2 protein chains.
Amino acid sequence: MGRGRERLVGMASARAMYHQLADTYRAKIVTEELKPGDRLPTEQELGEEFNITRGTVRDGLKVLVNEGLIVPARPRGYFVRPHELSYVRPQAEWRKQPASPEMDRWMEDQTVLGRTPSQHISVEIIPPPAKVAERLGLNEGDLVVARRRIRYIDDEPFNLNDSFYSYDLIKGSEILNPTDIPRGTNQALADLGYEQVRAIDEVEARMPLPDEVNRLQLGPGNPVLVHRVTGFTIDDKPVRCTVNVLIGSKHVMLFERSKAVGGSVS
Amino acid sequence: MGRGRERLVGMASARAMYHQLADTYRAKIVTEELKPGDRLPTEQELGEEFNITRGTVRDGLKVLVNEGLIVPARPRGYFVRPHELSYVRPQAEWRKQPASPEMDRWMEDQTVLGRTPSQHISVEIIPPPAKVAERLGLNEGDLVVARRRIRYIDDEPFNLNDSFYSYDLIKGSEILNPTDIPRGTNQALADLGYEQVRAIDEVEARMPLPDEVNRLQLGPGNPVLVHRVTGFTIDDKPVRCTVNVLIGSKHVMLFERSKAVGGSVS
DNA sequence: GAGTGGTCTAGACCACGGG
DNA sequence: CCGTGGTCTAGACCACTCA
């Protein structure tokens, strides 16, 4: 029939019904009236609560799904998204000294404990992705070695770690082996005469690309944190570009700065 | 009628039609067959292309909207999402210039780029949000001063910058004024006897909360980069907690490291 | 088997903005 | 004005999983 939305006589409200549903339940979730893990009413029940048909109910629920607030678990219903493991990811260079007791406890709480990590490594030789070519200063036709790792925790995908090296630089080296390199690829690079003494880090947030969705098994409403590292030799030659793709809900990057403090990290 | 999806005889394919539509156009977008700013066919035309009804077409398009790949612009159609300003955000510690008149390095940066920055400042005294209370080591009943800034570039919302201070610490000081503090709030804090000599940075990616959606005027498929800074005095007392909420599509955090190189930033 | 969400149809009327 | 997307109805059949 398409009677449009329910307008309260004389009122200005014109919020679509499915938005009203989303607003209502979003509020319940952020105020923790509904806590992580709690079940929402069924689509049917919501339809009765708001006097709307199932299609409209689903429009409203889809909003919340895409905001990452709820997850559908058929045939058990919709659930407020549980808090996932939040892995604190300390950055190499920054010291991790005992901070205040509060901070320590807080760090402990969030650190991975008693989990079983695993990873899968593969190596390809490919034309570089645009951003990688840019950072490594490569030209049309140049090839790179892509050393790709998928990391799991308790068999759940956790993050991607793809490192790219100019093929010309490392051809014939062990970096091409799709196995773990105990002393680290950076050391291996150094042994080839390309020690890195400087790095540029880029961090951004975005929705995952199709490939990332597949590899990390991501659902809707799940952004990723992308951490790109470009390493330079003493001659300022870029020799490595690593792209870390971290599942947003499972990671917090953490680092620490001491004195110098120009203050305004804004 | 609900005939279910089109199954190719003898084939295993069982991908829902709306997913097929999304897959098809997602591919065109990531391969740049459709470039940013290009218009997609109308819902009607897509329905004919895939032999599905409008409702199903809309399901497919909604997927792409929520992935941040396309934006609907009624009544002109759907468009491949244009690239937005990506502001490289250098972190304080690595900046070249010495603490220039603190006032607004942010605004300076923007002006240099030929943009017109502006900001709106407001100050409230409130019970601290949970995460802030945790970081500042506050107890139930304690109050904080929330110094909130919304920053705009060319009148478009750009990011949020909310700083929290224990009310007990700064009551009566100029930090309570909802105006710019030329020498910087950190200097003002220092003048009160709370110079910060250490800071902990946390960075994460997530979908925006309702409040953030409002303040930053965000649409679907637009995650935020959250940068939280906690500042400590020489006595390791936390005196400031700043929460930066950056629109994902408009920011890249950038920083640089030299030597020391523990290497594995993984 | 019963009940949940997943997919799809075939209509309808509305709101908005560019020509 | 007209075409676009925005909202909504009232059905239908399917797939999965849990009791």
Side-chain angles (χ1 to χ4, degrees), chain A residues 1-9 11-25 37-66 69-81 219-221, chain B residues 1-9 11-25 37-66 69-81 219-221:
Chain A
M1 292 201 302
R3 58 149 174 66
R5 64 204 56 144
E6 208 76 53
R7 292 172 194 285
L8 300 188
V9 183
M11 298 208 37
S13 163
R15 190 88 167 142
M17 287 309 295
Y18 79 94
H19 270 139
Q20 292 186 33
L21 186 157
D23 292 346
T24 301
Y25 278 85
D38 284 355
R39 205 195 115 155
L40 273 68
T42 65
E43 295 180 345
Q44 167 119 86
E45 291 164 342
L46 289 169
E48 288 159 9
E49 177 181 347
F50 290 88
N51 267 294
I52 52 182
T53 59
R54 190 173 158 233
T56 307
V57 170
R58 286 176 60 75
D59 282 347
L61 292 173
K62 195 168 302 189
V63 171
L64 300 179
V65 168
N66 286 315
L69 294 177
I70 65 176
V71 290
R74 195 182 47 166
R76 295 185 296 113
Y78 289 87
F79 293 81
V80 178
R81 188 155 162 189
Chain B
M1 295 200 297
R3 59 152 173 64
R5 65 206 55 144
E6 208 76 54
R7 293 172 194 284
L8 301 187
V9 183
M11 298 207 39
S13 162
R15 192 89 169 141
M17 286 309 296
Y18 79 93
H19 269 140
Q20 292 185 35
L21 186 156
D23 292 346
T24 301
Y25 278 86
D38 283 357
R39 205 196 114 155
L40 273 67
T42 65
E43 295 181 346
Q44 165 120 89
E45 291 163 341
L46 289 168
E48 289 160 7
E49 177 180 346
F50 289 87
N51 265 293
I52 53 182
T53 59
R54 191 174 156 230
T56 307
V57 169
R58 286 176 60 76
D59 282 347
L61 292 172
K62 197 168 302 189
V63 170
L64 300 180
V65 168
N66 286 316
L69 294 177
I70 65 176
V71 290
R74 196 182 46 165
R76 297 185 294 114
Y78 290 86
F79 292 81
V80 178
R81 188 155 161 193

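Predicted, not measured: the structure shown is a model, and the values here were computed from it. Chain identifiers are assigned alphabetically (A, B, ...) following the order of the sequence lines, protein sequences preceding nucleic acid strands; residue numbering begins at 1 within each chain.
One atom, CE of Met17(A), and another, C1' of dC13(C), lie 17 Å apart when rounded to the nearest Å. The distance from atom OH of Tyr18(B) to atom C1' of dG5(C) is 11 Å, rounded to the nearest whole Å. Distance, Leu64(B) CG to dG5(D) P: 14 Å, rounded to whole Å. The interatomic distance linking Arg58(B) (CZ) with dT9(C) (P) rounds to 15 Å, in whole Å. Atom CG of Asp59(B) is separated from atom P of dT7(D) by 13 Å (rounded to the nearest Å). Atom P of nucleotide dG17(C) and atom CZ of Phe79(B) are separated by 14 Å, given to the nearest angstrom. Rounded to an integer number of Å, the gap from His19(A) NE2 to dC14(C) C1' is 16 Å. Counting to the nearest Å, the C1' atom of dT9(D) and the CD atom of Gln44(A) are 15 Å from each other.
Closest to the Arg54(A) side chain, of the nucleotides dT9(D), dA12(D), dC8(C), is dA12(D). Closest to the side chain of Tyr78(B), out of dT7(C), dT7(D), dG6(D), is dG6(D).
Between Leu69(A) and Tyr25(A) the shortest side-chain heavy-atom distance does not fall below 4.5 Å. Considering only heavy atoms from C-beta on, Leu21(A) stays 4.5 Å or farther from Thr24(A) through its side chain.
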- [ ] Take Asp59(A) and Lys62(B) through the test salt bridge (Lys or Arg N to Asp or Glu O under 4.0 Å) and record every step on the way to the result.
- [x] CA-CA 10 Å; Asp59(A) 282 347; Lys62(B) 197 168 302 189; 3.6 Å; yes

Quick test: give all pairs of protein nitrogen or oxygen and nucleotides 16-19 of chain D nitrogen or oxygen below 3.5 Å, distance rounded to 0.1 Å.
none

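Applying the 4.0 Å criterion to OP1 and OP2 of dT9(D), one finds that Thr56(A) has a side-chain N or O inside that range. Within the 4.0 Å cut-off from OP1 or OP2 of dT9(C), at least one side-chain nitrogen or oxygen of Thr53(B) is found.
With Tyr78(A) as reference, Leu61(A) is the one residue of Leu61(A), Val71(A), Leu64(A) to meet the side chain to side chain contact (heavy atoms under 4.5 Å, CB included) rule.
Contact annotation for Thr42(B): backbone-only contact, meaning every heavy-atom pair under 4.0 Å involves sugar-phosphate atoms and none involves a base.
Environment of CD in Glu45(B): crowded, with over 12 heavy atoms of neighbouring residues, nucleotides or ligands closer than 6.0 Å.
For Arg39(B), the side chain to side chain donor-acceptor pair (under 3.5 Å) test picks out no residue, with sequence neighbours left out.
Glu49(A) contributes atom CD, which lies 10.5 Å from atom OG1 of Thr42(A) (distance to the nearest 0.5 angstrom).
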